[in-house]
Structures are given as C-alpha cells and as structure tokens.
Protein chains: 4
Amino acid sequence: MTQTEKRSEILRSALVLISQKGFHGAPMSMIADQAQVAMGTIYRCFESKESLIHELHRELESRFQTAIMQDFPSGEPLRERFLHVSRVFVRYSLASPTDFCFLEQFYNSPFGVSYRRDRILGNNDTGVLQKLLDEARKDGMLKPLPHTVLCALIFGPLFCLVRDHIFNFIELDQKLVDACLEATWDAIRL
Amino acid sequence: MTQTEKRSEILRSALVLISQKGFHGAPMSMIADQAQVAMGTIYRCFESKESLIHELHRELESRFQTAIMQDFPSGEPLRERFLHVSRVFVRYSLASPTDFCFLEQFYNSPFGVSYRRDRILGNNDTGVLQKLLDEARKDGMLKPLPHTVLCALIFGPLFCLVRDHIFNFIELDQKLVDACLEATWDAIRL
Amino acid sequence: MTQTEKRSEILRSALVLISQKGFHGAPMSMIADQAQVAMGTIYRCFESKESLIHELHRELESRFQTAIMQDFPSGEPLRERFLHVSRVFVRYSLASPTDFCFLEQFYNSPFGVSYRRDRILGNNDTGVLQKLLDEARKDGMLKPLPHTVLCALIFGPLFCLVRDHIFNFIELDQKLVDACLEATWDAIRL
Amino acid sequence: MTQTEKRSEILRSALVLISQKGFHGAPMSMIADQAQVAMGTIYRCFESKESLIHELHRELESRFQTAIMQDFPSGEPLRERFLHVSRVFVRYSLASPTDFCFLEQFYNSPFGVSYRRDRILGNNDTGVLQKLLDEARKDGMLKPLPHTVLCALIFGPLFCLVRDHIFNFIELDQKLVDACLEATWDAIRL
DNA sequence: TATGAATGAGTCTTCATTCAT
DNA sequence: AATGAATGAAGACTCATTCAT
C-alpha cells in the first residue's frame with residue numbers, strides 16, 4: 001500500500017467510524033485497526049485527531065463542491081439553478097450517507113461552530129450559493145431576508161429529511177424529494 | 001434539601017453544564033459539584049449518566065409541551081394554531097437557550113437517534129402537532145406530504161435559525177422571526 | 001489508610017523510584033504500584049507528575065532546612081557556624097541517600113534550573129547560609145567572591161563526595177568528612 | 001558524504017540536541033533530521049541510542065584529554081601543572097558549552113554512574129591527573145586525601161561555576177576564574 | 001548500502017462508577 | 001441516606017527500533 005493509499009484508508013476508516021459512532025466513540029486505535037495500520041502510522045499523516053477530523057471535513061466539502069459544479073446549469077433560469085444545488089445536495093447525501101452523517105457530526109460540534117463562525121463572520125461570499133442568492137435577491141425573486149436565513153430555510157429541512165431517510169424514518173423517493181425541493185422554494189420565493 | 005430538591009438541582013446542573021460543554025465536557029463530578037451534592041448522590045437518583053441524560057430530555061420535552069398548550073388558541077383558524085406552535089417553539093428556545101442547546105446536543109447524538117426511532121416507528125400520533133397536521137391535511141390546506149416531512153419543513157429551518165441566533169451569527173428580532181414563520185408556512189401550505 | 005497517609009506514601013514511593021531511576025524511569029503507574037494505590041488516586045493528591053515532583057522537592061528542602069536549624073550554634077564563632085551547615089548537609093545526605101539522589105536529579109533537570117533561576121535572580125537572600133556569607137565577608141574572613149561562587153566552592157565538592165560515597169566509590173568516615181570540610185573552608189577563607 | 005563523515009555528523013547532531021534538550025528531549029528522528037541522514041543510517045553506525053550516547057561521551061573525553069595535553073607545561077613546578085589542568089578544563093568548558101552540557105547530562109544519568117563505576121573501581125590510574133596527584137602527594141604538597149576526594153575538591157566547584165555561568169547565574173571573567181582556581185588549590189594544598 | 005515508513009509498547013491523564021464509612 | 005475517596009479501564013500521543021524497497 002502506498003503512502004497515499006494508506007492516508008486515504010485512514011481517512012475512510014475515520015469517516016466510517018465517526019459517522020457511525022461520533023467523535024468520542026471512535027478512538028484512534030479503532031480507526032487504526034479499521035484502516036489496517038498501526039496507531040503510530042496515523043500520526044505520520046495527521047498532526048492529531050483534531051487535524052484528522054478537520055482534514056476529513058475539508059475533503060468532504062470539496063467533494064461536495066465538485067458534485068455541485070458538475071452539470072451546473074449555468075444558462076438556465078435562476079429557479080432551475082437553485083433547485084440544482086438543492087437537488088445535488090440531497091442526491092449526494094442519499095448516495096453517500098456516511099459522508100452526510102460525518103458532516104452532521106462535524107457541524108454539531110465545537111469544530112463546526114468555529115468553522116461556521118470563521119466562514120460567516122469572514123463574509124466569505126465566494127460560494128456558488130452565495131452568488132446565486134445575491135443575484136436572485138437583486139432580481140426581486142426572493143424574500144428580502146439575510147443569506148443566513150435563506151440558507152436555513154433551504155437546508156434546514158433538507159438536513160432533517162436526509163437524516164430521517166438514512167435512519168429509515170421515511171423513504172425518500174424521487175417524487176417526494178421533488179415535492180420537498182418545491183416546498184423549500186416556496187419558502188424563500190416571493 | 002429534600003430528595004426531590006436534590007434531584008432537581010442535579011438535573012439543573014447537568015442541563016447547564018451539558019448545554020455549555022457537551023456530554024463529554026461535563027463529567028459527573030462537575031455536575032455533582034455544581035449541584036452541591038456528592039457524586040454518590042447522583043447515583044441514588046439516576047442509574048447512570050446515560051439515564052440522567054434521558055431523564056433530562058424527558059423533562060425538557062414535557063416543559064416544552066406545557067409551554068405549547070398554554071394559551072393554545074383552540075378556537076382560532078388552523079393557520080393561527082400552526083403559527084402558534086412555531087412561535088412558541090422559537091420564543092421558548094430564545095428565552096431558554098440552555099434548554100435549546102441541550103436538546104440540540106441530545107438530538108445529534110446516539111441518544112437522540114434511538115429516541116426518535118422509538119417515537120416515530122411507534123406511530124405515536126398523540127401530540128398536538130400530530131393532530132393539527134392530520135386535521136389540516138384533511139381540510140386540504142397543506143401539501144399532501146407525510147407528517148415527518150411537514151415537520152422537517154417547519155422545524156428544520158427554525159432549529160437552524162435559533163442556533164445561529166444563539167451563536168451570534170444572526171440577530172433574530174420580532175420582525176425577522178415573523179417573516180421566518182410565514183416562510184415556513186409558505187413551505188407547507190397548498 | 002488516611003488521605004494524609006496515602007499522600008505521604010505516594011510521595012515516598014515517588015522519592016524512592018525517582019532517586020533510583022530518574023524522572024523518566026519512574027512512570028506514574030510504577031509509583032502507584034509501589035504506593036499500593038490506584039493510578040487515579042495520585043491525581044487526587046497532585047495535579048500532574050510535574051507538580052508531584054515539585055511538591056517532593058519542596059518537602060525535601062524543608063526537611064533539610066529543619067535539620068540545619070536544629071542545634072544551630074548561634075553563639076559560636078563564624079567558622080563553627082559555617083562548618084555546622086556543611087556538616088549537617090553531609091550528615092543528612094549520608095543518612096538519607098535517597099533524598100540526596102532525588103535532589104541531584106532535580107537540580108540537574110529543567111525543573112532545577114528554573115528553580116535556581118527564580119531563586120538566584122530573585123535575590124532571595126533569606127537563607128541562613130546567605131546571612132552567614134554576608135556577615136563573614138563583612139568581617140573580612142572570606143575571599144571577596146560572589147555568593148554564588150562561594151557556594152560552588154563549598155557545595156560543589158560536597159555533592160561530589162556524597163555521591164561517590166553513595167555509589168561506593170569511596171567510604172566517607174567521620175575523619176574523612178572532617179578533613180573535607182576543613183578543605184572547603186580553606187578554599188573560601190582568606 | 002562518506003561513511004565516516006556521516007558518523008561524525010550524527011555524533012555532532014546528537015551532541016547539540018542532547019546538550020540542549022536532554023536525552024529524552026532528543027529523539028532519534030530529530031538527530032537524524034539534524035544530521036541530514038536517514039534514521040536507519042544511525043543504526044548502521046551505532047547499535048542503539050544508548051551506544052550512540054556512550055560513543056559520544058568517549059569522543060568528548062578524548063577531545064578533552066587532547067586539550068589538556070596540548071601546551072602541557074611538563075617542565076614547570078607541580079603547582080603550575082595543576083593549575084594548567086584546571087584552567088584548561090574551565091577554558092574548554094566555556095569555549096564549548098555544548099560539550100560541557102552534554103557531559104553534565106551524561107554524568108548525572110545512569111550512564112554516567114556506571115561509567116564512573118567501571119573507571120574508578122578499575123583503578124584506572126592512567127590519566128595525567130592521576131599521575132600528577134600521585135607525584136604531588138609524594139612530595140608532601142597536598143593534603144593526604146584519596147584521589148577521588150582531591151578530584152571532588154577541584155572539579156566539584158568548577159563544574160558548578162561553569163554551569164552557573166552558562167545559565168547566566170554568574171559572569172565568569174578571567175579574573176574571577178583565576179580566583180576560583182586559586183581557591184581550589186587552597187582547598188587541596190598543604 | 002541507505003532510506004524512512006511502519007510498528008506498537010509505553011506514557012500521562014481522565015472519568016464513570018463503586019463502596020466503605 | 002449521603003458522602004467522596006478510590007478505582008482502573010480507556011484514550012491520545014511518542015519514539016526507539018525494524019525492515020521492505
């Protein structure tokens with residue numbers, strides 16, 4: 001196994017275990033076992049458990065960004081572009097429930113809070129979504145609410161729904177997903 | 001201090017500490033100190049840390065139920081009754097951020113998942129909200145979506161917004177809250 | 001065993017093990033075993049290994065101070081008072097080789113260096129010895145050298161000799177000790 | 001880099017790091033980095049960390065021997081030859097504080113103790129100093145004390161003084177050094 | 001011969017739980 | 001019933017040494 005493969009294997013093991021058991025339920029020794037490496041090996045790739053977690057988060061966000069940008073309907077009307085982002089979010093989360101669960105853990109932890117703090121307070125308006133919201137608001141298509149609120153109205157429900165699906169509380173099929181996306185659009189549109 | 005007072009004091013201390021520091025940041029010894037009782041005393045009231053947490057959760061849910069039922073506008077139109085529930089949720093959460101933070105911790109943990117599993121899979125349609133949703137759907141006022149989905153559309157955003165407010169990412173004033181409640185109503189109404 | 005006895009037992013075990021094997025050769029688990037307590041118990045008495053070591057040092061210095069002050073020949077000529085301090089140092093060290101070895105470890109470690117730094121740079125002229133040196137220098141009995149140097153001339157050899165005795169490199173009997181004390185006096189007197 | 005150069009470089013790096021951070025603060029990996037060789041290479045030159053340390057000690061002692069023998073005033077009176085040895089010790093130590101600090105570490109460790117045990121108990125009377133002491137005692141110039149004791153009286157203070165100088169507790173200038181050397185001579189001479 | 005990634009035993013420290021008083 | 005000292009398993013992290021390349 002190459003260095004890179006090992007690193008990936010460690011990240012993958014950490015992802016699986018943390019998504020299932022949470023940060024505190026996934027000791028480094030368990031991650032090492034799962035990845036079929038010795039504990040010390042993890043520390044060759046990552047400074048600490050904390051940095052392993054941050055790295056994992058970065059990786060997952062970047063994968064998600066890539067997924068969004070793929071097939072992004074740049075020429076389509078605003079509404080379509082919006083629905084695209086939401087649809088990709090749901091599709092990706094359902095296809096990779098492990099990634100989704102890890103990210104939930106991350107956002108609901110001191111890590112996630114300070115990450116968001118840096119992000120939001122830094123006025124980091126660089127994401128696709130931020131630009132989309134800006135444009136749409138100028139066009140008068142959206143309710144005149146702060147970005148943070150609009151994001152809550154869109155992703156709040158989606159997070160819940162995906163989680164409920166993963167835990168088998170509901171069965172999200174294509175039709176239901178589409179209905180939900182429409183509903184979130186209804187929430188924010190004028 | 002009577003047995004009952006001690007029990008309350010322990011619950012209160014656990015609530016405060018866990019909401020601030022999380023389950024793993026609030027050792028039993030710290031809870032005991034804060035509650036001004038001996039550590040052993042906690043174990044006379046609660047089987048284990050886990051059961052203390054479950055008990056706390058039950059207590060908070062019941063307090064919340066009480067808050068909803070108070071001033072419930074039984075005679076008003078459906079829409080008003082709906083908005084009442086949401087409004088109480090937000091008002092209560094903002095007034096008691098400690099309770100809110102604890103519940104967030106709880107729902108985003110193995111505890112919360114198994115709790116919801118028991119609740120939802122048990123078809124426990126006894127809550128006010130459940131009845132409201134049933135009635136409204138029969139009247140054709142709401143989108144024909146499962147209860148779980150409707151709940152996600154209402155409370156998903158509200159959880160996000162309250163959290164963002166508590167973390168100072170936004171400032172929720174009365175006007176903004178009302179706008180958000182309207183938005184969630186737009187999401188579910190036909 | 002009372003709390004205090006336990007604490008003493010831990011200190012004693014740490015003293016013995018560290019004096020024999022050094023700081024790095026005496027893990028907390030070994031100290032606990034030796035003291036017949038669980039590892040966690042140590043942490044009820046001492047913040048950390050480091051603080052245990054500092055505490056031990058403080059204790060030993062205080063014991064030594066007590067030994068010096070006992071039978072201190074306040075009325076005798078300067079020379080006698082000097083020889084008393086040195087004699088007590090040697091006698092105490094030979095009687096308690098474990099204490100001596102611990103202190104050697106301590107002084108030859110980052111702990112000891114910063115301890116001395118605080119002490120010397122703080123102009124902490126409060127010890128018996130400091131006063132003695134001051135008085136003697138004013139009387140013109142001693143070579144006009146800084147205190148630090150005078151201490152080196154007195155205790156440098158004594159430390160070596162006691163260590164050599166403990167390691168069985170020499171056999172210090174009463175006559176030899178007296179000869180050595182005379183020699184250190186010759187080194188500093190005018 | 002030839003094998004021999006590598007070996008030297010490793011020794012030099014170990015010397016610098018250990019003198020600064022102690023045996024336990026200087027991991028093999030750090031020594032390797034500093035020496036610009038791979039960690040495995042160290043193990044081709046030295047059996048273990050322990051043997052590397054022993055080797056280093058041997059090297060430093062030999063360098064010191066060389067320094068003493070250089071300019072040794074063979075024809076001068078005994079007193080001069082004595083002072084020469086002490087003077088060279090101090091001068092060398094002040095010029096090479098790194099060497100000095102390493103040797104201190106070494107002597108104050110299990111290594112040093114067993115080294116001295118071998119040396120002293122082996123009656124290894126081969127050094128210049130040993131011969132000097134022998135000769136001087138026969139001439140009746142020195143107090144009739146064992147070699148070990150005489151060495152303690154000479155080098156005990158000098159070690160202390162150099163250390164205090166290196167740690168900036170005193171400032172050793174030429175005059176002060178000379179006064180100290182005189183003092184140690186006073187301690188041993190008849 | 002040289003490399004440096006991999007190993008895993010060993011370190012300090014924490015904390016849920018128990019039990020003698 | 002109440003106490004809180006004692007326990008020891010478990011966790012994150014380090015580093016001397018080995019061995020496949």
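Chain identifiers are assigned alphabetically (A, B, ...) following the order of the sequence lines, protein sequences preceding nucleic acid strands; residue numbering begins at 1 within each chain.
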Expressed as a whole number of angstroms, how long is the span from [X]:[atom1] to [N]:[atom2]?
X	N	atom1	atom2	answer
A:K49	F:dT14	NZ	P	15 Å
B:I18	E:dC15	CD1	C1'	14 Å
C:E5	F:dA6	CD	P	11 Å
D:E50	F:dT17	CD	P	8 Å
A:Q36	E:dA6	CD	C1'	14 Å
A:M30	E:dG8	CE	C1'	18 Å
A:K21	F:dA10	NZ	P	14 Å
C:Q3	F:dA6	CD	P	5 Å

Practice task
Check A:T98 against A:V16 and note the closest heavy-atom contact, atom names and distance.
Solution key: CG2-CA, 3.9 Å

Among [options], the one nearest [X] by side-chain distance:
X	options	result
D:K6	E:dT3, F:dA1, E:dC12	E:dT3
B:P27	F:dT3, E:dA16, F:dA2	E:dA16
A:Y43	E:dT7, F:dA12, F:dA1	F:dA12

Practice task
For A:G40 and for C:I42, find the nucleotide of DNA chain F with the closest heavy atom, then tell me which residue's nucleotide is more 5'.
Solution key: C:I42

Practice task
Would you classify A:M28 as touching base, sugar-phosphate or nothing, given that sugar-phosphate means primed atoms plus P, OP1 and OP2, and contacts are heavy atoms under 4.0 Å?
Solution key: sugar-phosphate

Exercise for the section: For D:M39 and for C:E47, find the nucleotide of DNA chain E with the closest heavy atom, then tell me which residue's nucleotide is more 5'. Expected result: D:M39

Exercise for the section: Please work out whether the ring planes of B:F102 and B:F23 are parallel, tilted or perpendicular, with thresholds of 30° and 60°. Expected result: perpendicular

Practice task
On the 0 to 90° scale, with breaks at 30° and 60°, tag the A:F111-A:H54 ring pair as parallel, tilted or perpendicular.
Solution key: perpendicular

